[in-house]
Amino acid sequence: MEGSMGPGVRIREGDCAVLKRDEVFKAVPILKRRKVIFEKQWFYLDNAIGRIYGTTFEVTSGGSLQPKKEMEEPTTETKEAGTDNRNIVDDGKSQKLTHDDIKALKDKGIKGQEIVQQLIENSTTFRDKTEFAQDKYIKKKKKKYEAVITIVKPSTRILSTMYYAREPGKINHLRYDTLAQMLTLGNIRAGNKMIMMETCAGLVLGAVMERMGGYGSIIQMYPQGGPVRAATSCFGFPASFFNSLYEFPLSKVDSLLSGTFSIETLPSESEDNIPAEEESNGSLDEKPASIQETEEESTTEAAMESNQTEEQETMDLAAEDTENKESKEKGNKENIREKQRKQQERRKKLVEAAALLKEKNADGLIVAGRFHPTPLLLSLLEFVAPSRPFVVYCQYKEPLLECYTKLREKGGVINLKLSETWLRNYQVLPDRSHPKLTMSGGGGYLLSGITVVMDKGKSDVGRLEAEKTEEPTSKKRKLEELHS
Amino acid sequence: MSFVEYGDTIREGDTAIVFLGHESMFPVKVQHGSKTQTKYGVIRHSTDLIGKKYGSKVTCSKGGWVVILHPTPELWTMNLPHRTQILYSTDISLITMMLELKPGSIVCESGTGSGSLSHAIIRTVAPTGHLYTVEFHQQRAEKAVEEFREHKVEHLVTVKNQDVCKNGFGVSNVADAVFLDIPSPWEAIGHAKSALKVEGGRFCSFSPCIEQVQRTCLALEEHGFTEINTLEILLRVYNVRTISLQIPDLGKAAEDNSNPGFDSSSQANQGVLCGSQQQGTVQFKSGVPLREMVGHTGYLTFATKSLL
């Protein structure tokens, strides 16, 4: 049985997984004897271990998960239904079961499906509803009373949808289809050498890592406080993916560009920075990354992240246990040695990152987050080879307008394009298909372009470029206007 | 050069993109001794292209210059010879993400059409994945094979000339994702299901008409697909323009001359004003939507095959 299926198909202890109920997602680590709260349900994931990803479970008494049996066919007997709603009166008396009755049913451990059946039987108006309304009623009640969850493997699709729905403030309201555009426009693929600067909880970084599949290298530029990778860790990448992930402080970009950068100036700073990053991996973005966005509710994700930090803690505890067995002094010494080793490794990787940047031959640049894009672009594009794409995400249009103008002035880029996408969901039912009632009002803006070889007389070229590129468009537009 | 790997310099046999100006470009096959005509004059491949860096400017015979770009699936989509209607990068982006494509993915696609989506899929699944693409039109299938060879990606793709509705994809239980862009996708859902891996995978169908979508969704439900979801994505492009608006003269007292009727500093704070204020006008940068845009390409219906 296992033979016909690829690796990573089964849920294993320690995996990063995502819980799903209808359209709601939550990322969790798969751990034994750990209570998980999701959609007002609590349960343990123990029984999920060894099952296949995509399995749907029912929450049974005691919070244990049981794989849901093949869906019972909806009763196809000819139902009694009304033709329209002229006889339906909203008097609040159509349901004979009271709140307490339902609670009593639940407490008795009656399954969701049976509760829904009881609700239908005790509804005086159900039979008068139209067939369509009956469907809708059943769907609504099922959603409320059936305690089923599906465990799925994390992916960019799932995590970007989850973040956009639950914690848009943490990812600067980057909608998933906008992220999809970035990955395509940036020609993200295996073997690239990418420069990243993002403050979207590490979601964009994770998406880029997924698309590169561990081939090539990524240099993550980070602001003060270190890189944030809370979302990156939800992807559950193999450790090998992190071997070619480098990080470089933004504050050293100028010195690297001017040639005054040296590793000697770094140690004290990097030591201050990096440990801060480790501790704050989960908690940092609980700091007001988006101060304006006070309306954000930060409930669920926080739970997820605290799970993660708890996980780290438990691992730390385990490590301490083994240390306790040895003599304390020896442990201490080893601790120090371990610290030094880690520091050395970090410094080595930083030197490597600087060297990678200095080659100035990166295959692309991705910028997303809460910093003004103009200074980032003007500096970081220096590290990118000619004829390579770059993409900048900003929640607002205005900074990108400025960025566009400044890049045009400076030159060295062509095919600049400012855009956004609109995304519409549809209800598709026989004879009842239409766009859904609500749609997202905005998913942010993108500025993309392609680098070219910069001539000696920089500003001159910039002007030429502008003239040259503006002209055909306006001509084209005139032509189009004539045609229409 | 290859469509799945960057190269620094232009070489014999490359497919390069000649960029003339905003949105105006075309692909060219680089060959010793070959010449290409542009509105700025002739480009001689041997002397003007081969050995030059991608992204450099090339001066044409009449003195005008063009930029030679390294091909990407996105530039190819904008420049490829149309044999059919094609999918554009906006839809392709969403398809790629929602199908969860990444290096190593096995993908089935039909029809191949002009190969716009095929190139994007191959880019994403390389170096360890594979694309099985099925096209019922013989010449189109042959042309696609030729292009994949020229673009040095033939090892990542298998082209089959058959009708997917009748004969399926020619593979079973191997695919992580299946994509359909055919007139009657509902007739190929069974084949799509059997092409997908035993443990499941993702499905997408592109259809311009809602009636097609309706039949496809019904078929998907009958075959036990879950997470059935229909979306539409539209690209809105903005032209960046400097706009100046006149300040109306409301007959304000003369001493107020410097302050034309409103608090300019507060407006600047909003980031709307970025130009200087000349006499009686205010300048600002604006992202102006196009007068006309693509308002519909097609509906994208996604679904999941799950184990149960």
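First the proteins, then the strands, lettered A, B, ... as listed; each starts at 1. Because only heavy atoms are used, hydrogens play no part in the values below, and waters and symmetry mates are left out as well, while side chains stay in.
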J.: Side chain, backbone, both or neither: which part of A:M439 has a non-hydrogen atom closer than 4.5 Å to chain B?
T.: neither

J.: Heavy-atom distance under 4.5 Å between the side chains of A:N192 and B:Y6, does that happen here?
T.: yes

J.: Examine whether an atom of A:T405 lies under 4.5 Å from a heavy atom of chain B, and if so say whether it belongs to the side chain, the backbone or both; otherwise answer neither.
T.: side chain

J.: Check this for me: does any side-chain nitrogen of one of A:K153 and B:D176 sit under 4.0 Å from a carboxylate oxygen of the other?
T.: no

J.: Could you check which of A:A385, A:G213, A:S419 has the highest count of heavy-atom pairs closer than 4.5 Å to chain B?
T.: A:S419

J.: To the nearest 0.5 Å, tell me how far B:S89 OG sits from A:L185 CG.
T.: 7.0 Å

J.: Taking C-beta and beyond as the side chain, do A:R211 and B:T96 meet within less than 4.5 Å on heavy atoms?
T.: yes

J.: Quick check: are there more than 12 heavy atoms from other residues, nucleotides or ligands sitting under 6.0 Å from CZ of A:R51?
T.: no

J.: Which answer fits A:N361, side chain, backbone, both or neither, if we ask what part of it has an atom under 4.5 Å from a heavy atom of chain B?
T.: neither

J.: Would you say the side chain of A:Y426 lies within less than 4.5 Å of the side chain of B:L231, judging by non-hydrogen atoms?
T.: no

J.: Non-hydrogen atoms of chain A under 4.5 Å away: do they reach the side chain of B:M293, the backbone, both or neither?
T.: neither

J.: Name the member of B:T72, B:I68, B:T90, B:T124 that forms the most heavy-atom pairs with chain A at distances under 4.5 Å.
T.: B:T90

J.: Using 0.5 Å steps for rounding, measure from the CZ atom of B:R241 to the CG atom of A:L401.
T.: 11.5 Å

J.: Between A:L429 and chain B, with a heavy-atom cut-off of 4.5 Å, which part of the residue counts as in contact: side chain, backbone, both or neither?
T.: backbone

J.: Of the non-hydrogen atoms in B:P73 and A:N187, which two are nearest, and what is the gap between them?
T.: CD-OD1, 3.8 Å

J.: Who among B:K53, B:R123, B:M25, B:E5 has the most heavy-atom pairs with chain A under 4.5 Å?
T.: B:R123

J.: Of all the heavy-atom pairs spanning B:R236 and A:W422, show the shortest one and how long it is.
T.: CD-CE2, 3.1 Å

J.: Locate the shortest heavy-atom distance separating B:L94 from A:Q181; write the atom from each residue and the value.
T.: N-NE2, 4.5 Å

J.: If you count heavy-atom pairs under 4.5 Å with chain B, which of A:P435, A:G191, A:P430, A:G214 comes out on top?
T.: A:P430

J.: Indicate yes or no: at least one non-hydrogen side-chain atom of A:L179 is less than 4.5 angstrom from one of B:M97.
T.: yes

J.: Taking side chain as everything from C-beta outward and backbone as N, CA, C, O, which of these in A:I450 sits under 4.5 Å from a heavy atom of chain B? Side chain, backbone, both or neither.
T.: side chain

J.: Give, as side chain, backbone, both or neither, the part of B:L75 having an atom under 4.5 angstrom from any heavy atom of chain A.
T.: side chain

J.: How long is the straight-line distance from OG1 of A:T421 back to CD1 of B:I233, given to the nearest 0.5 Å?
T.: 4.0 Å

J.: Report yes if the side chains of A:K417 and B:V237 come closer than 4.5 Å at any heavy-atom pair, otherwise no.
T.: yes

J.: Out of B:E74, B:R202, B:E232, B:K102, which one racks up the most heavy-atom pairs below 4.5 Å with chain A?
T.: B:E232

J.: Taking every heavy-atom pair that is under 4.5 Å apart, which of B:Q214, B:E211, B:M98 has the most such pairs with chain A?
T.: B:Q214

J.: Tell me, with the steps shown, if A:R388 and B:D8 meet salt bridge (charged side-chain N to carboxylate O under 4.0 Å, His left out).
T.: CA-CA 10 Å; A:R388 298 293 188 271; B:D8 287 336; 3.6 Å; yes

J.: Distance check, rounded to the nearest 0.5 Å: B:S286 atom OG versus A:K397 atom NZ?
T.: 6.0 Å

J.: At a 4.5 Å cut-off on heavy atoms, which part of B:F3 comes close to chain A: side chain, backbone, both, or neither?
T.: backbone

J.: Can you tell me how far apart NE2 (A:H434) and CD1 (B:I210) are? Round to the nearest 0.5 Å.
T.: 10.0 Å

J.: Salt-bridged, B:E227 to A:R157, with N to O below 4.0 Å?
T.: yes

J.: Need one label for B:L235: side chain, backbone, both or neither, based on atoms under 4.5 Å from any heavy atom in chain A.
T.: both

J.: Within the 4.5 Å heavy-atom criterion, are A:N425 and B:N229 side-chain neighbours or not?
T.: yes

J.: Ignoring hydrogens, what is the shortest heavy-atom contact between A:P386 and B:G55? Give both atom names and the distance.
T.: CB-CA, 4.2 Å

J.: Using every non-hydrogen atom in the two residues, find where B:P103 and A:E210 come nearest and quote the distance to one decimal.
T.: CD-O, 3.4 Å

J.: At a 4.5 Å cut-off on heavy atoms, which part of A:L446 comes close to chain B: side chain, backbone, both, or neither?
T.: neither

J.: Looking at A:K20, A:R189, A:E23, which one has more heavy-atom pairs under 4.5 Å with chain B than the rest?
T.: A:R189

J.: Working to the nearest 0.5 angstrom, can you tell me the gap between B:L69 CG and A:N415 CG?
T.: 7.5 Å

J.: Without hydrogens or angle criteria, can the side chains of A:E420 and B:Y238 be said to hold a donor-acceptor pair below 3.5 Å?
T.: yes

J.: For A:S160, which atoms come within 4.5 Å of any heavy atom of chain B: side chain, backbone, both, or neither?
T.: side chain

